Amino acid sequence: MTVNRETAQLLERVAAVFRVKEGDTFRVKAYLNAAAVIDSLTEPLDELWRQQKLDTVPGLGKALVGYLQEYFSKGKVQHFDSQLKKVPAGMFALMDIRGVGPMTAYKLARKFHLSDKKTAIHRLQQLIKDDKLGKIESFKERSIERLTKSLKIQTIGKGRLLLSDALSIAEDYLEYLKRSSLTIEAEPLGSLRRRLSTVGDIDLALNTKHPEASMKHALSYSQISSVITKGDKVSHVKLKNGFEVDIKISEPRDWGSLLQHYTGSKMHNIHLRTIAKGKNLSLSEYGIKKGKKTNHFKTEKDCYRFLGMQVIPPELREDTGEIGLAQKNSLPELIELGDIKGDLHIHSNYDFPSSHDQGVSSLHEILTKAEELGYEYIGISDHNPKYSGLSEKETEKILMGRKKFLEQDFHAYEKRVKNRGIKLLIGMEIDIRPDGDLALSDKLMNSLDYAIVSIHSSFDKGMDENTDRIINALSHPKALILGHPTGRLINRRDPIVADWEKIFEFSAKSKKIIEVNSYPDRLDLPDDLIKTAVSKGVKLIINTDSHDVDHMDGIKYGVWQARRGYATKKDIVNSLTWKNLQTVLK
Ligand code: DGT
Ligand code: CA
Ligand code: CA
Ligand code: ZN
């Protein structure tokens, strides 16, 4: 945890005590406000304290500045400690559960004597399992259900970083490593290199002729908070943001072996080792040994070739059949970022009473970004207008107004770029209602170039109901794409249950397109379902679901996810040229 987060959390906890013990709303607000300000600071708070600048932080009153000075000089605050002692400490762990506020956490912790932060969540899970929660009078069945669900997600997502977050932390470190003239190459390893949707710890590889000096440089990175283990070739550090990094160093002659060994996955490596054993070879990060002779590998390609197979793209190294394919020289030619020619899931900032969040960027900004990315076309897919409270006439007026506005903007753009520019489709993302109906009338559906249909509510329906509602929605002639199909939010919301085989079979037959949503906490379809879809001949589209032009850069996350699902260019609709896309739209 960063210093700022730690300090903010302390204030949040003291505020929680004020709330449950004293009902002192004024101080609660002041403390929560201060916590939020501290969270948003870019400079570490202890640094500001050292420079005697705490009083320049907005939202910190005199009293709080005094407490924080005590905190940084003595490591604790007497007044805070005496407050925190008034409640069972397990309460603070429970407050980390989504949807659990201080009052609920306090009631639970007091009722069940949860006095240990470390065990409180585990004990609560046990209590739910034993059906003991119903005994609290004010606890309704609904809230127990919600609590159970939140707890489940809490344990799934524990400690694993989103790929996008891990990547940005790793890229900063790699940039630092590459600044040294001793560094020949620096690359990610492990799950990060395999582009898994979440990453446990970050692994980095460094290629150098001077391992000792390079390791010294690597360990001098300013973002390191502590060096956990230190070796000539391998070190393990903790960064100031709380995340851990493994650094592995090799000399050029073993670079291929190092990359191979530490990219994993574990199962992939175990399978390779078994194959090697069959040939009396032994595999390590220092090469492949045959009897007393060690063969060294500068590149991974050489290493895999020595084992009698094609080099396997890191995204496929999960032991799900890739090794057999590589031995037969028949690995698929995976889709690449450069193959993508457009993005059909982009929200604009056109302002109207929308059912969900609107984008923040104008069509003009979106088109400029699309040019930068080398695209041929884009599709604007704002959410449908509010479903209730608007008459059909009012909804129609909104749709026509939006169309006119976008077209006008687009014509101005075309004039400026003189036909060389990006092509535009005007579509819409339509809610799949709980019963499977679409949140837009047939007549208005027909005014669109295309529709993405997506589930945005009632995620907890059963398998048959979800399967039916999706197939029903996709059956509309204008429904072209199923958006973020499983609805999962990584670490926050489970995927819906549905009969995906049945949905894929329907899609393949009816020429419906399934989305690979690139948004970093969606990555939806997930890789295993992409693999199933591809095997059934389903066409996929990699979209960003951008609400801001900057999100359009996130297309790479979708491409990586598709690669993990064995998708090739022919499986991905938006690798088609504008001309060929027309046949799909018909
Ligand atoms: P993660 O960090 O949980 O997201 O997953 P990985 O795959 O990055 O796993 P990690 O960090 O434990 O190890 C990196 C890769 O190194 C792993 O995929 C397999 C490979 N490897 C090979 N031999 C060893 C070994 O002796 N120790 C470790 N830790 N990894 C090894
Ligand atoms: Ca790792
Ligand atoms: Ca590791
Ligand atoms: Zn959506």
Side-chain angles (χ1 to χ4, degrees), residues 157-163 165-167 169-170 173 187-205 228-229 231 233-237 243-248 250 257-273 276 282-286 300 303 312 314-319 344-347 354-359 379-384 427-432 438-439 451-457 459 473 481-491 493 496 515-519 521-522 524 543-547 551 564:
K158 213 169 173 189
R160 291 190 68 86
L161 271 166
L162 287 183
L163 174 61
D165 294 335
L167 190 70
I169 295 168
Y173 206 152
E187 296 284 340
L189 293 164
S191 51
L192 182 58
R193 183 160 183 250
R194 302 197 310 280
R195 313 304 190 186
L196 200 67
S197 55
T198 63
V199 169
D201 75 342
I202 295 169
D203 302 275
L204 301 179
I228 297 168
T229 59
K233 295 278 173 76
V234 178
S235 291
H236 189 78
V237 303
F243 294 107
E244 296 185 11
V245 182
D246 265 342
I247 302 151
K248 330 264 184 184
S250 92
S257 288
L258 182 91
L259 287 178
Q260 196 295 307
H261 188 78
Y262 288 114
T263 295
S265 65
K266 202 170 151 196
M267 297 315 290
H268 174 88
N269 282 1
I270 288 173
H271 192 162
L272 278 192
R273 243 173 272 160
S282 118
L283 224 56
S284 81
E285 64 268 53
Y286 304 111
E300 274 190 312
C303 186
I312 299 172
E315 293 94 330
L316 292 186
R317 299 185 197 171
E318 301 291 349
D319 196 25
L344 296 192
H345 194 159
I346 300 173
H347 296 265
S354 171
S355 56
H356 303 280
D357 48 344
Q358 292 163 283
I380 298 296
S381 59
D382 300 320
H383 289 288
N384 58 264
M428 187 160 265
E429 182 178 9
I430 313 290
D431 288 339
I432 300 177
L438 295 174
I452 300 176
V453 296
S454 310
I455 290 181
H456 291 113
S457 63
F459 296 96
I481 300 167
L482 176 64
H484 44 72
T486 77
R488 77 164 173 177
L489 293 176
I490 298 172
N491 292 349
R493 185 167 70 212
I496 58 165
E515 182 176 73
V516 176
N517 189 298
S518 310
Y519 212 82
D521 68 353
R522 287 192 183 272
D524 185 11
N543 285 328
T544 58
D545 202 349
S546 290
H547 287 68
H551 297 165
R564 289 182 54 82

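As the structure is a prediction and not an experimental result, all values here were calculated from the model. In each ligand, atom 1 is the first atom listed, and ligand 1 is the first ligand listed.
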Is the Ca ion (ligand 2) less than 3.0 Å from at least one N/O/S atom of Asp201?
-> yes
Apply the side-chain contact (heavy atoms from CB on, under 4.5 Å) test between Asp203 and each candidate in Lys248, Arg193, Glu244; give the one that qualifies.
-> Lys248
Point-to-point distance, once rounded to the nearest 0.5 Å, from CD1 of Ile169 to CG of Leu192 | 10.0 Å
Do the ring centers of His456 and His383 come within less than 6.0 Å of each other?
-> yes
Shell of residues surrounding ligand 1, defined by a 4.0 angstrom heavy-atom cut-off that is strict | Arg160, Gly190, Ser191, Arg194, Val199, Gly200, Asp201, Asp203, His261, Tyr262, Thr263, Gly264, Ser265, Lys266, Asn269
Presence of salt bridge, Arg317 and Glu300, under 4.0 angstrom = yes
Could you grab the distance from atom CG of Leu162 to atom CG of Leu167, nearest 0.5 Å is fine?
-> 11.5 Å
Inspect the contact between Lys233 and Glu285 and indicate whether a charged nitrogen and a carboxylate oxygen are less than 4.0 angstrom apart.
-> no
NE2 (His484) to the Zn ion (ligand 4) to OE2 (Glu429): angle, nearest 10 degrees?
-> 100°
N, O or S of His456 under 2.8 Å from the Zn ion (ligand 4) | yes
For the atom pair CG (Asn517) and OG1 (Thr544), what is the distance rounded to the nearest 0.5 Å?
-> 8.0 Å
Would you sort out whether Glu429 and His347 count as a side chain to side chain donor-acceptor pair (under 3.5 Å), showing the intermediate values?
-> CA-CA 9 Å; Glu429 182 178 9; His347 296 265; 3.1 Å; yes
For Asp203, the N, O or S atom at the shortest distance from the Ca ion (ligand 2) is OD2
